[in-house]
Amino acid sequence: MSGTRRRFFQDAAVLGAGLFGLRETLHAGAPESTFQSPRENENGRHHSPYGSHGPHPAQARAVVRDHTLPMMTPDVADLAHEMDGGVKVFHLVGEPVKRKIAPFKTIDAWGYNGSCPGPTIQVQQGDRVRVVFENRLPESTSLHWHGLELPIEQDGVPYISQKPVAPGEKYVYEFTVHQEGTFFYHAHSAMQEMMGQIGFFVAHPEKDYKPQVDHDYGLILQEWAVLPSNTVPNTAAMEFNWLTFNGVSAPMTTPLLARLGSRVRLRILNLGMDHHPVHLHGHQFVVTGTEGGRAPESTWCPMNTVLVGVAQARVVEFEAKYRGAWMIHCHLPHHMMNSMRDLMRDRQIETADQTEAKAMGQMESLARSVPFEHVHPSPVAANAESVPGFPQDAFMEMGMDEVVEKPETYGLPKNWSAGMMGMMTMIRILPDKEYENILSKKKSASPSAQEEHHHES
Ligand SMILES: [Cu+2]
């Protein structure tokens with residue numbers, strides 16, 4: 001390989017590795033708790049959604065349910081609500097969103113309330129919910145409540161169950177949530193879905209799931225086709241070059257945290273063009289729920305890879321038995337990276353309208369534009385260039401620990417970020433002291449976070 005070509009590959013490696021990212025500051029309003037308790041997550045716990053308004057007996061019962069563990073959606077905020085009598089009221093705005101999916105890549109997606117995926121909605125089973133939806137998109141849309149059993153008028157399908165919501169208009173959805181489980185909201189228009197218009201809608205059960213968990217996390221799987229020098233996803237494409245969890249590619253994904261010995265729930269939701277086999281390292285899990293709600297315990301069986309099909313949710317639970325930083329990732333090989341196929345004309349990777357020189361030029365200029373240092377920590381053999389097939393991953397493993405640094409990455413081994421690309425995150429299973437240390441770093445990193453005091457009853 002010529003010196004120029006080698007340098008090109010070294011620079012180009014930046015494209016294969018994922019992202020950096022200062023943590024999106026979307027967690028405002030998510031109080032953290034360092035209170036040591038057998039049931040906790042970084043959001044602390046929900047207070048009763050009802051306060052003193054118990055409009056009917058089922059909801060009145062909920063008043064005493066102040067220990068519901070909220071799901072946490074890393075890199076995506078929760079949607080706050082207000083109460084109107086006994087109705088939980090949410091305001092959702094469909095709008096164009098700029099989303100930084102990589103340190104050097106910000107895309108023009110569509111989402112809700114400035115976020116893509118949209119903010120997470122969490123309610124209690126039995127809640128009466130009103131969603132005041134405002135359309136700030138340049139075209140008509142609607143909101144579909146995926147998996148919820150509700151009156152046809154609330155189903156959100158344009159022309160079938162309602163008139164499309166025109167740009168600038170509002171539409172009010174209101175229904176009672178009699179189910180529990182992991183649901184989602186999305187635009188019921190194919191291209192809008194592929195522009196990112198999706199979000200979690202989680203209904204916490206009236207009666208606690210058994211066994212209880214200590215941590216509850218949500219991941220939304222998305223894929224994007226964004227050509228180089230472009231910011232707008234090609235929603236007609238059938239092949240994708242950017243793969244994200246909660247709107248960011250690894251190593252920009254914020255690691256999940258769990259206390260050693262705790263029980264963890266992970267809810268995984270997919271709305272894209274591909275099915276994703278999501279794999280957890282070092283542990284076995286059981287599938288405890290689907291997009292249809294809780295699964296009977298008789299169906300639980302040990303596994304460590306779950307196929308999350310399009311329009312499906314899979315809920316898995318496991319005991320965090322082993323200390324370490326354990327990968328959680330889609331196992332499709334091309335989803336464990338962000339593809340360079342649009343840029344590189346090399347061996348089997350070809351595009352019809354690219355010359356090699358043009359592709360190299362694009363990659364070099366893009367690599368040079370990345371505003372941070374990166375390293376390629378893994379050595380290559382002296383005769384590498386004479387081996388057919390080289391390089392494969394050699395220059396994709398790009399360390400960029402500093403640009404993706406955040407409290408959740410504290411203490412990871414040097415160059416950890418070189419091992420993370422595409423649809424990947426990790427769960428850091430930590431003994432008490434290290435776990436609490438990171439929580440306190442998070443707290444000082446976001447001074448607005450308020451401590452909540454909770455007591456197990
Ligand atoms: Cu995948």
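Only this structure's heavy atoms are used, side chains among them; waters, hydrogens and symmetry mates stay out. Please read these numbers as outputs of a predicted model, since none were measured by experiment. Counting convention: from 1, in listed order, for ligands and their atoms alike.
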Review point. Does a donor on one side chain sit under 3.5 Å from an acceptor on the other, for Y209 and E180?
Key: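 Distance-only check passes for Y209 and E180.
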Review point. In terms of side-chain heavy atoms, does E319 have a donor or acceptor partner in H283 at a distance below 3.5 Å?
Key: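 No donor-acceptor contact under 3.5 Å links the two side chains.
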Check your understanding: When you check the gap from the basic side-chain N to the acidic O, do E317 and R263 get nearer than 4.0 Å?
Key ->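 Answer for the salt bridge query: yes.
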Review point. Below 2.8 Å, any N, O or S contact between H275 and the Cu ion (ligand 1)?
Key: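 Looking at H275, which is the residue asked about, there is no N, O or S atom under 2.8 Å from the Cu ion (ligand 1).
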Point to revise | Heavy atoms from other residues, nucleotides or ligands near CD of E139 exceed 12 (cutoff 6.0 Å) | key: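 Check passes, neighbour count above 12.
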Review point. Can you name the N, O or S atom of H276 that is closest to the Cu ion (ligand 1)?
Key: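 Restricting H276 to its N, O and S atoms, the minimum distance to the Cu ion (ligand 1) goes to ND1.
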Check your understanding: Of all the N, O or S atoms in H335, which one sits nearest to the Cu ion (ligand 1)?
Key ->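 Atom name of the closest N, O or S in H335: ND1.
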